[in-house]
Amino acid sequence: MRIDIITVLPELLKSPFEASILKRAIEANLVEVHFHNLRDYTSDKHKSVDDTQFGGGAGMVMMVEPIDKCITALKEQRNYDEIIYMTPDGETLKQGIANHLSLKENIIILCGHYKGVDQRVRDHFITREISIGDYVLSGGELGAAVLCDAIIRLIPGVLGNETSALTDSFQDNLLAPPIYTKPRDYKGWKVPELLFSGNFPKIEKWREEQAYLRTKERRPDLLDD
Ligand code: ADE
């Protein structure tokens, strides 16, 4: 899989890809992540990427031309499955979207800034708009990092234990059950006895019940879907 990220702030975005699981995935060639600085696609001496709004109003708008040049240059080199725009008015990111995108070959992620991009970018280039939640960030970069992390960890071979992404919260519309490790007794706080029984069907049943109870208590909305 290849991910091309278009941004005015590549430095804000790079560090999550230089540590831990994402770094390993890149080093193992399971994913390629490329950053494109929008200012490299400007034609004026100030390298402007934004301007004031037509019709008046506070805040700057990202111009169509540098974005067109950047996306067009990328599309000349390969086909893209999705061109995603990170925006608070997009579809809210859910596990299902990450699952779907993890199967794609090539995607572009455009990070917005200021008030956002000229509507013509959205009308003519963007195939999908994603929000990471109902709050406004100062730019799409942190959202893009969240989206990439959610996608990349699902690519086969990225997680050591192939089954562990399948047992994540949300994969079956349930939150994950409680988990424990050593010591068995810490300051009198005991691990449930059943987990030492060796009765794996029973343990599995307990985990399913716990996942259901936790979901019912914390996120009953997930049970309605
Ligand atoms: N850009 C600004 N706010 C955002 C959000 N909530 N999700 C994705 N991109 C954004």
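For reference, positions follow the sequence shown, starting with 1. Both ligands and their constituent atoms are indexed starting at 1 by order of listing.
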* Do E32 and R2 sit within salt-bridge range, that is, some charged N less than 4.0 Å from a carboxylate O? -> yes

* Asked: So is L142 close enough to ligand 1, meaning a heavy atom under 4.0 angstrom away?
  -> no

* **For atom 10 (C) of ligand 1, closest protein heavy-atom neighbour** => P88 CD, 3.7 Å

* Structure fact -> The atoms of ligand 1 lying under 4.0 Å from a heavy atom of I130, numbered in the order shown, are 8 (C)

* Side chain, backbone, both or neither: T87 near ligand 1, heavy atoms under 4.0 Å -> backbone

* Can you pull out the closest protein heavy atom to atom 7 (N) of ligand 1? Residue, atom name and distance to 0.1 Å, please. => I132 N, 2.9 Å

* Is R184 salt-bridged to E193, cutoff N-O under 4.0 Å? -> yes

* Decide if the gap between the ring center of F35 and the ring center of F17 is smaller than 6.0 angstrom. => yes

* Lys NZ or Arg CZ of R128 over Y85 ring: under 6.0 Å, within 45° -> no

* Least distance between heavy atoms, R153 atom then V158 atom -> CA-CG1, 3.8 Å

* Are any of the heavy atoms in G139 under 4.0 Å away from ligand 1? -> yes

* How far is atom 3 (N) of ligand 1 from its nearest protein heavy atom, and which residue and atom name does that atom have? -> L137 N, 3.0 Å

* Structure fact -> In this structure, atom 6 (N) of ligand 1 is nearest to the protein heavy atom Y135 O, 2.8 Å

* Structure fact -> When rounded to the nearest 0.5 Å, the distance separating CD1 of I179 from CG of L195 is 11.0 Å

* Near G133, which atoms of ligand 1 are under 4.0 Å from a heavy atom of that residue? -> 6 (N)

* K69 with D40: basic N within carboxylate O range, under 4.0 Å -> no

